[in-house]
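What follows is one structure encoded as structure tokens, with my remarks underneath.
Order of listing sets the numbers, starting from 1, for every ligand and every atom in it.
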Amino acid sequence: MKLLDHIGAAEDLRKLPREQLPRLARELREFIIEVVSVKEGHLGASLGVVELTIALHYVFNTPEDRLVWDVGHQAYGHKILTGRRERFHTIRQKGGLSGFPKRDESLYDPFGTGHSSTSLSALLGMALAARQKGNHDRQHIAVIGDASIASGMAFEALNHAGETDANLLIILNDNAIGIDPSVGALKHYLTEVKKGDVSRENLFECLNIRYSGPVDGHDLPVLLGELEKLKGQPGPRLLHLVTTKGKGLRQAEEDQVVYHAPGRFDRLTGELVRREAVPGQGPKYQDVFGHTLVELAGQNPDIVGITAAMPTGSSMKYLMEAYPERAFDVGIAEQHAVTLAAGMATEGLLPFCAIYSTFLQRAYDQVIHDVALQNLPVVFCLDRAGLVGQDGPTHHGVFDIAYLRCVPNMALIAPMDNVELRNALYTVQLGVGGPVAIRYPRGSSREPNWQRPFEPIPWGEARTLTAGGRIAVLSLGPLGQTVAGVIPKTRDPEAFGHYDLRFAKPLDEALLARLGTTCERLVTVEDSALAGGVGSAVLECLSRLGISIPVTCLGISDNFVPHGTPEALYRDQGLDGEGLLNQLNELLDE
Ligand SMILES: Cc1ncc(C[n+]2csc(CCOP(=O)(O)OP(=O)(O)O)c2C)c(N)n1
Ligand SMILES: CC(=O)[C@@H](O)[C@H](O)COP(=O)(O)O
Ligand SMILES: [Mg+2]
């Protein structure tokens, strides 16, 4: 019988004699590898904190003591030890456990995470609240990684914490890597600290945050001793741990970038399981972006690239490899990335700022205040637009049309496929006189003809895919491929015209004026929140033109969409082939 089988909650763990904890760590690591090898997910980070997770729940009285995991992708062991072992095989599956801590999933998850660098602010809030409510015994612990603590928000919290006497323990989990190798001066400073050759004062001590460490984050007796010592100390303090991402699986330790989220792998050999090739499936959108940017950079010396700690995820890595002096990884610092781009643009460069749609939310004021207000030519490459799937509501890129469309000077392009993406990237580097965002989804579409000459996209113009019909379907982005496949299957294909809007802003008002006066109905289709999306834009335009025509807007409902496969999530939104077919057929009867 395994020790793990007897742990239904953290208090069961705390009943174990501490000499059994190394065995529990072996079992927990094996279990994570066993499940994630089949169910997929974030492997490396969770393997790297197995001992820490056990030690934290052993020393602290969770869930009364508050424990927040920054980003939360490393919390698989935490979930398994806190009553979710038997459900862990549902991790990131539709209807199953979230891949990140979630308040409504467990009392042991006092704060939902997913976007990095929020844990210190949230925990400081909890600590100050506890003090205000007279609860002076409760402990507050955050686990934050070396890349996440470099983010502006984390420093804002450190700056505040340092002048309070809040009961706050920060565990800095330093494995010298984010998803890609960590960057920046803080990385170099922490490396010096780990080597023991720091001549300068300790950074954290200078902020009145008592520093301990660095200690081996895989040595359970050391961890227990350090945590027990720190538990009794007052005020904000920080324990610096040295860990290995992917600890315990050779390939995950050796290839930490791939094994951050490796997909399926053989749990015994660690070898990756290659995905079946899908007939007709072309390259990933991100790779078309990355390779095209390299091609364009070869023709246009003003092009530079910026990523916020996602060289691999965004495929900015290709420009970093081809033109290292023209590509910048600024770390998890989206706000800085955007205003860095703005500064570059004032000097005549053309920055391609590649930030996932959801992560750009963090730099909204910089987009407005630093880029759009000054009408600076920055190209925002919004990868992961639409429903991303298993990462769930913290990561779906469904708000960017709404949050960007209202910003003056901003243009917003949504290519329907990889060919259109290449042409959009080519067009914007010809010079569009202001900021522009190009949004594209996670995943792949048809193979572009890489030898085909670029074709400039007429600015603000939609394209007619099927003319005529009494009902005009206006699609934006890759859902246009689904619409094109569905119209011929309707009961009356001749009834439908199909137009690819290409732009959420500026809209093709001439087309809308024509269709609005010659058709019986318009239908808009988008992989974006309906509230403020391109459907809203069409309605606003028709109203402005004084055109009254029925408009059916299809898109993402006004809810946070849970995690699951993209196919299932689009089906739930009625945006898969069958859902769209049914809705178009129903319109034939109206
Ligand atoms: C605001 C934000 N930007 C980017 C990401 C993508 N991301 C997820 S994990 C990660 C790296 C985290 O590195 P670190 O904090 O060192 O934790 P580790 O994975 O090493 O445990 C990044 C960049 C994110 N989740 N949130
Ligand atoms: C945990 C986190 O935020 C990242 O690892 C994110 O899950 C990356 O998403 P992609 O897998 O779409 O690059
Ligand atoms: Mg790290």
Full working for side chain to side chain donor-acceptor pair (under 3.5 Å) between S357 and R384: CA-CA 6 Å; S357 165; R384 283 24 175 214; over 6 Å; no
Nearest-neighbour protein heavy atom for atom 13 (O) of ligand 2, which is reported as residue plus atom name and distance: Y356 OH, 2.6 Å
Whether H57 and H78 hold their rings parallel, tilted or perpendicular, with breakpoints at 30° and 60°: parallel
Protein heavy atom at shortest distance from atom 5 (O) of ligand 2: H260 NE2, 2.7 Å
Protein contact of atom 5 (C) of ligand 1 - nearest heavy atom, named by residue and atom, plus distance: F359 CZ, 3.3 Å
Ligand 2 atoms in contact with F100 (distance to a heavy atom under 4.0 Å): 1 (C)
Side-chain donor-acceptor pair present, D287, Y318, cut-off under 3.5 Å: yes
Ligand-residue contact atoms, ligand 1 with R362, heavy atoms, under 4.0 Å: 1 (C)
Cationic N near anionic O, under 4.0 Å, D417 to R446: yes
Minimum non-hydrogen distance to atom 11 (O) of ligand 2, winning option of Q286, R442, R384: R442
Contact check, E334 vs ligand 1, heavy-atom distance below 4.0 Å: yes
Atom 25 (N) of ligand 1: the protein heavy-atom neighbour that sits closest, reported with distance to 0.1 Å: G114 O, 2.9 Å
Contact atoms of ligand 2, heavy-atom distance to I179 under 4.0 Å: 4 (C), 5 (O)
Atom 7 (O) of ligand 2 [closest protein heavy-atom partner, distance rounded to 0.1 Å]: D391 OD2, 2.5 Å
Side chain to side chain contact (heavy atoms under 4.5 Å, CB included) partner of F352, the single match among L425, V304, I306: L425
Closest protein heavy atom (residue, atom, distance) for atom 13 (O) of ligand 1: G178 CA, 3.2 Å
Nitrogen or oxygen atoms of I177 and ligand 1 under 3.5 Å apart: yes
Exam field: side chain R85 to backbone L4, donor-acceptor pair closer than 3.5 Å: yes
Per-residue contact class, D146 against ligand 1 - non-hydrogen pairs under 4.0 Å: both
Under 4.0 Å to a heavy atom of F359 - the qualifying atoms of ligand 2, by number: 3 (O)
Donor + acceptor pair across side chains of E40, Q390 (<3.5 Å): no
Closest non-hydrogen atom pair between S212 and E226, with its separation: CB-OE1, 4.1 Å
Short N or O distance, H73 and ligand 2, threshold 3.5 Å exclusive: no
Polar proximity ligand 1 side, A147 side, N/O cut 3.5 Å exclusive: yes
Sidechain N-carboxylate O distance under 4.0 Å for K247, E51: no
Any S182 heavy atom less than 4.0 Å to ligand 1: no
Heavy atom of M310, distance to ligand 1 below 4.0 Å: yes
Flag if over 12 foreign heavy atoms under 6.0 Å of CZ, F560: no
Aromatic ring proximity, centroids under 6.0 angstrom, F100 and H73: no
salt_bridge(D104, K102) N-O dist < 4.0 Å: yes
Nearest-neighbour protein heavy atom for atom 15 (O) of ligand 1, which is reported as residue plus atom name and distance: S148 OG, 2.6 Å
I179 contact mode with ligand 1 (heavy-atom cut-off under 4.0 Å): both
Heavy-atom gap V388 to ligand 2 smaller than 4.0 Å: no
Location of contacts on H115 toward ligand 2, heavy atoms closer than 4.0 Å: neither
Aromatic plane relationship, F88 with F31 - under 30° parallel, 30 to 60° tilted, over 60° perpendicular: tilted
Over all atoms of both residues, closest heavy-atom pair of R362 and S151: NH1-OG, 4.2 Å
Any N, O or S atom of S182 closer than 2.8 Å to the Mg ion (ligand 3): no
For the Mg ion (ligand 3): the N/O/S atom of D146 at shortest distance: OD1
Taking atom 19 (O) of ligand 1 as the reference point, the nearest protein heavy atom with its distance: H73 NE2, 2.7 Å
Closest protein heavy atom (residue, atom, distance) for atom 1 (C) of ligand 2: H42 NE2, 3.5 Å
Output field: ring centroids F359/H395 closer than 6.0 Å: yes
Enumerated ligand 1 atoms positioned under 4.0 Å from heavy atoms of H115: 25 (N), 26 (N)
Under 3.5 Å: N/O of A308 near N/O of ligand 1: no
Atom 26 (N) of ligand 1: nearest protein contact (heavy atom, Å): S116 N, 2.9 Å
The Mg ion (ligand 3) to nearest N/O/S of A147 less than 2.8 Å: no
Atom 21 (O) of ligand 1: nearest protein contact (heavy atom, Å): N175 ND2, 3.6 Å
Backbone of T339 reached by a side-chain donor or acceptor of Q366 within 3.5 Å: no
Shortest non-hydrogen contact from P101 toward W69: CG-CB, 4.2 Å
NZ/K194: more than 12 non-hydrogen atoms of other groups inside 6.0 Å: yes
Nearest neighbour in protein (non-hydrogen) for atom 2 (C) of ligand 2: H395 NE2, 3.5 Å
